[in-house]
Amino acid sequence: MPRTTTGPTAASPLAALLWEELVTSALLGTDRRPPVAPGGRVPADGPAALLDAVALHTVRRRAGLLPAVPGARPEPTPYDPRPQLPEAARHRLAQLLADRAAPTASGRRGAAPDLTELIPQWLATANRQGFRAPAALVPPLLDAARARTDLRPQALAFAGPLGLWLAALNPEWKFALRGSAGGSLVPDTSDPEAVRRLWEEGLFAERIALLDAVRAREPGAALALLTTTWPTERAEDRLMFLDSLRTGLGAGDEEFLEQALADRSRNVRATAAELLSALPSSAFAGRMAARATSCVNPDRTGAGSGAGASIAVEAPHECDAGMQRDGVAAVPPTGRGERSWWLVQLVEATPLGVWQEQFGGRPAEEIVALPVADDWAGELHAAWCRAAVRQRHPEWARALLGAASAPPAGSPGPASIAERSKLLAVLSEAERAGWVAEFIAAHGLSEAFQLLGVCTVPWAGPLGRAVVDALDIARDGGSYPWSFSGVMGLAERCLDPAEADRLEVLTATPDEQEDASPGAGGYWSEAFQRLVSTLRLRAAMEAELT
């Protein structure tokens with residue numbers, strides 16, 4: 001007897017069709033490609049029969065799946081001995097990270113603090129206090145660091161071993177394994193075997209962190225470690241490793257750096273030359289000084305108020321092979337003369353003490369004030385500025401900056417604010433804050449943004465008062481605060497929170513003056529309210545963490 005078919009197959013005349021045939025009918029449509037059951041029968045309700053057959057196939061396919069083979073369990077996360085966050089600080093971090101993901105409103109910022117901009121400061125304080133991240137907040141912290149590269153060093157340091165452990169399991173956080181060395185785990189640098197193994201097998205970020213750690217503890221050991229693999233490293237990696245030698249740079253590095261002058265990478269050669277120029281007693285510095293002093297001399301023609309009362313300059317006429325080996329680039333940038341380009345490179349690589357000997361023991365302040373013949377002053381002073389920054393020479397930086405109250409064009413050094421900020425970074429924290437405070441008092445805030453960026457946070461004392469006073473003057477000027485939004489945002493992050501009480505009086509809306517921009521007073525009031533609220537929130541954050 002023939003077999004009687006019952007069950008789902010009987011209710012689904014198309015069940016015997018292959019899955020691919022069903023998909024084709026679904027894609028083309030049952031009108032254009034009607035499904036045909038075995039025997040040539042076309043169901044009366046083609047679409048419904050097709051869906052029934054698909055449902056049946058789906059159940060069959062799922063039932064036929066084999067169980068997956070489980071992967072190996074990950075190793076437990078390394079132990080983190082750091083203490084837990086105080087409860088109030090943990091809630092604050094959760095609030096900051098939640099606000100980061102919230103959509104931002106368009107238009108006016110309003111009077112409420114921008115919590116997103118406070119995350120870097122919170123992380124820096126938490127890391128200084130040595131706390132570890134709460135486990136539940138490490139994932140959103142890694143998400144924040146993935147979106148903002150400026151957060152990564154502090155975020156990865158705070159996330160610690162758990163952050164790296166989670167990053168190894170989630171491809172979206174792989175930046176933590178290869179990016180910032182600040183989050184890498186460094187072994188005990190007193191264990192030679194652990195150091196060797198990590199140096200030979202570690203990720204690039206881990207190797208950078210390791211080299212920095214060994215360099216800080218024992219510069220000679222770090223150099224010896226670097227030489228073991230130097231010939232086989234990629235050019236871009238050699239450049240990064242070479243940069244680590246800035247820490248603890250000394251005479252013991254000279255031989256290695258001299259060899260690096262012959263490196264096949266132009267950037268490596270340039271960095272080696274820069275490091276050698278920071279060693280005044282090196283053979284390289286001596287060679288550059290000999291070349292530079294043959295070009296720049298006291299004017300002994302007696303043409304001034306006395307012999308040597310001005311500076312004579314004779315730029316090089318060629319860039320020979322020796323100069324090129326010592327890092328002097330022969331081809332100048334577009335629009336720059338060859339001789340000028342060669343001269344600047346020689347002067348900026350010459351130890352600054354050489355010039356005081358060359359000019360009869362005059363202090364730097366007197367040397368930079370001497371007239372320079374043939375319009376070479378701009379080139380010579382620019383080269384001295386770069387030398388002062390490279391050699392971290394406060395006396396020359398101070399002399400080239402000149403008086404803060406003087407117009408930029410009247411200073412001995414370059415009028416560029418960017419160059420001035422680099423010179424300021426050479427001075428002590430107190431001195432640079434005092435100089436910038438004087439600059440703001442004399443010139444206002446319009447050009448002070450970059451200068452404020454090199455000042456130590458928080459801005460306390462004269463600097464904080466100068467910023468607040470300048471903002472008050474700007475408000476009284478009757479213009480809108482938008483042109484000062486950069487400084488205002490910087491003040492929210494950098495002003496000493498103790499300034500909040502003194503700023504309270506500025507939160508009131510002033511009477512509108514006849515010549516003032518319409519509604520400017522309200523905008524300023526709102527900006528100062530936000531500034532005061534942010535400063536008080538920062539004070540609360542600091543208290544929660546300390």
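One-based numbering along the sequence shown.
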Distance-only donor-acceptor check, side chains Gln95 and His91, under 3.5 Å: no
Heavy-atom check, side chain of Trp19 versus side chain of Val54, under 4.5 Å: yes
Side chains of residues 124-132: which donor-acceptor partners sit under 3.5 Å, not counting sequence neighbours?
from, atom 1, to, atom 2, distance (Å)
Thr125, OG1, Gln121, O, 3.0
Thr125, OG1, Arg128, NH2, 3.2
Asn127, OD1, Phe158, N, 3.4
Asn127, ND2, Leu123, O, 3.2
Asn127, ND2, Gln154, O, 3.0
Asn127, ND2, Gln154, OE1, 2.5
Arg132, NH1, Arg82, O, 2.4

Residue among Met240, Glu233, Glu236 satisfying side chain to side chain contact (heavy atoms under 4.5 Å, CB included) with Phe204: Met240
Side-chain touch Leu463/Cys455, heavy atoms, less than 4.5 angstrom: yes
Validation row: Leu452, Ile440 side chains within 4.5 angstrom (heavy atoms): yes
Flag side-chain contact, heavy atom, 4.5 Å: Leu445 against Phe439: no
is_close_aromatic(Trp230, Phe256), centroid dist under 6.0 Å: yes
Short side-chain donor-acceptor distance under 3.5 Å, Ser265 and Arg238: no
Close side-chain approach of Trp165 to Leu162, heavy-atom, < 4.5 Å: yes
Heavy-atom side-chain contact between Asp150 and Pro120 under 4.5 Å: yes
Arg465/Glu499 ion pair, N-O < 4.0 Å: no
Thr24-Glu20 side chain donor-acceptor pair, cut-off 3.5 Å: no
Pairing of Arg502 and Asp469 as salt bridge, 4.0 angstrom limit: yes
Residues, nucleotides or ligands: over 12 heavy atoms within 6.0 Å of Arg196 CZ: yes
Ser277 OG to Arg386 CZ distance, which is reported to the nearest 0.5 Å: 12.0 Å
Check against salt bridge (charged side-chain N to carboxylate O under 4.0 Å, His left out), Arg475 and Asp472: CA-CA 5 Å; Arg475 183 192 68 152; Asp472 190 12; 3.4 Å; yes
Nearest-0.5 Å distance, CD of residue Glu544 to CD of residue Glu542: 10.5 Å
Side-chain heavy-atom pair Thr271, Leu245 within 4.5 angstrom cut-off: no
Side chain proximity check, Leu503 to Leu495, heavy atoms < 4.5 angstrom: yes
Neighbour count above 12 (heavy atom, 6.0 Å) for Glu75 CD: no
Gap separating the CG atom of Leu249 from the CG atom of Leu257, nearest 0.5 angstrom: 6.5 Å
